[in-house]
**Q** 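My questions all concern the structure below.
Reckoned from all heavy atoms, side chains included, excluding hydrogens, waters and symmetry mates.
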Amino acid sequence: AIARLRIPRVGLDSVVAEGTDKATLARGPGHMEGTGLPGEADNCIIAGHRDGEFARLASVREGDVVEIVADGARKHYRVTAISIVDKTDTSVLEPADDPVLTLITCYPLRWVGPAPRRLIVRGELIPAPA
């Protein structure tokens, strides 16, 4: 486990492991290797299955607060965008200059078999009070 991910308004509270391979995602959300870590000036990407904890992403709204605790530090992100993209759209995986959080799950959530699209939830780091 590398972090704990919480979105209080929708009841999401999950441990995040390193990696997005099949075995890791079978246990819960995974941090995509090679992307930023929580709080870093980069795109921190976390993926999860639509039939697990990430099913709760369907209820997320812009403005919701996402909390990540990693290495004893608590980071807060504000959801700034929610979108649905084709599964071949890799633009959401691009590095960023600022601290960005990207949560990804398959879409539609109630699809049988491999889903044709992805639900993307993006957030920007809320600066800690001085």
**Q** On a heavy-atom basis, which atom in L119 and which in A58 lie closest, and how many Å separate them?
**A**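 The pair with the smallest heavy-atom distance is CD2-N, 4.2 Å.
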**Q** Can you find a heavy atom in the side chain of P116 that is under 4.5 Å from one in the side chain of P108?
**A**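 Answer yes - side chains close enough.
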**Q** Work out which heavy atom in C106 is nearest to a heavy atom in A115; give both atom names and the distance.
**A**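 Taking every non-hydrogen atom into account, CB-CB, 3.7 Å.
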**Q** What verdict does the side chain to side chain contact (heavy atoms under 4.5 Å, CB included) test give for R117 and K87, after you've listed the backbone C-alpha separation in whole Å, the side-chain angles of each residue and the deciding distance to 0.1 Å?
**A** CA-CA 5 Å; R117 294 176 298 227; K87 70 179 180 181; 5.9 Å; no
**Q** Main chain of A41, side chain of D98: is a donor-acceptor contact present, judged purely on distance under 3.5 Å?
**A**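 Not confirmed, D98 side chain does not pair with A41 backbone.
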**Q** Under a 4.5 Å side-chain heavy-atom rule over Ile, Leu, Val, Met, Phe, Trp and Tyr, are I68 and I104 clustered together?
**A**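 I68 and I104: separate clusters.
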**Q** Answer yes or no: is there a side-chain heavy-atom contact under 4.5 Å between I120 and T102?
**A**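 Yes, close enough: below the 4.5 Å cut-off.
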**Q** Are S14 and F54 side-chain neighbours, meaning at least one heavy-atom pair lies under 4.5 Å?
**A**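 No, every pair of side-chain atoms sits at 4.5 Å or beyond.
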**Q** I want to check something: taking the side chain as every heavy atom from C-beta on, are V85 and Y107 in contact at a cut-off of under 4.5 Å?
**A**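 Contact flag for V85/Y107 side chains = no.
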**Q** If you group Ile, Leu, Val, Met, Phe, Trp and Tyr by side-chain heavy-atom gaps below 4.5 Å, do L93 and L101 land in one group?
**A**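 Different hydrophobic clusters.
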**Q** Do you know which two heavy atoms are closest between E62 and I82, and how far apart they sit?
**A**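 Result for this residue pair: N-CD1, 3.7 Å.
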**Q** Side chains of T20 and E33: closer than 4.5 Å at any heavy-atom pair?
**A**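 In short, these two side chains do not touch, never coming nearer than 4.5 Å.
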**Q** Indicate yes or no for a side-chain donor-acceptor contact from R118 to the backbone of V92 under 3.5 Å, with no hydrogens or angles considered.
**A**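 A pair under 3.5 Å: no.
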**Q** Quick one: closest heavy-atom pair of T105 and H49, and the distance?
**A**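 Heavy atoms only, the tightest pair is OG1-C, 3.3 Å.
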**Q** Is it possible for you to say whether V79 and V16 belong to one hydrophobic cluster, with membership spreading through side-chain heavy-atom contacts below 4.5 Å?
**A**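 Yes; V16 is reachable from V79 via cluster members.
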**Q** Is L25 linked to L12 within one hydrophobic cluster, defined over Ile, Leu, Val, Met, Phe, Trp and Tyr using a side-chain heavy-atom separation of less than 4.5 Å?
**A**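 In one cluster with L25: L12, no.
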**Q** Test your reading of the model: is there a side-chain donor-acceptor pair from D86 to the backbone of T88, 3.5 Å cut-off?
**A**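 Checked: pair present.
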**Q** If we check side chain to side chain contact (heavy atoms under 4.5 Å, CB included) with H31, which of these qualifies: I45, L5, L37?
**A**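 Going through I45, L5, L37 one by one, the side chain to side chain contact (heavy atoms under 4.5 Å, CB included) with H31 is satisfied by L37 alone.
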**Q** Hey, is the main chain of E94 close enough, under 3.5 Å, to the side chain of N43 for a donor-acceptor pair?
**A**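 Looks like yes, one N/O pair under 3.5 Å.
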**Q** Is the side chain of R78 donor-acceptor paired with the backbone N or O of G63 at a distance under 3.5 Å, no angle test?
**A**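 Present.
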**Q** Determine yes or no for a side-chain-to-main-chain donor-acceptor pair under 3.5 angstrom, with R9 supplying the side chain and S59 the backbone.
**A**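 It does hold such a pair.
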**Q** Flag yes if I2 and Y77 sit in one hydrophobic cluster, no otherwise; membership is Ile, Leu, Val, Met, Phe, Trp, Tyr, and two members link when side-chain heavy atoms are under 4.5 Å apart.
**A**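 Same hydrophobic cluster.
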**Q** Can you tell me how far CZ of R27 sits from NZ of K22, rounded to the nearest 0.5 angstrom?
**A**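 The CZ atom of R27 is 13.5 Å from NZ of K22, to the nearest 0.5 Å.
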**Q** To the nearest 0.5 Å, tell me how far E40 CD sits from T35 OG1.
**A**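 These two atoms lie 9.0 Å from each other.
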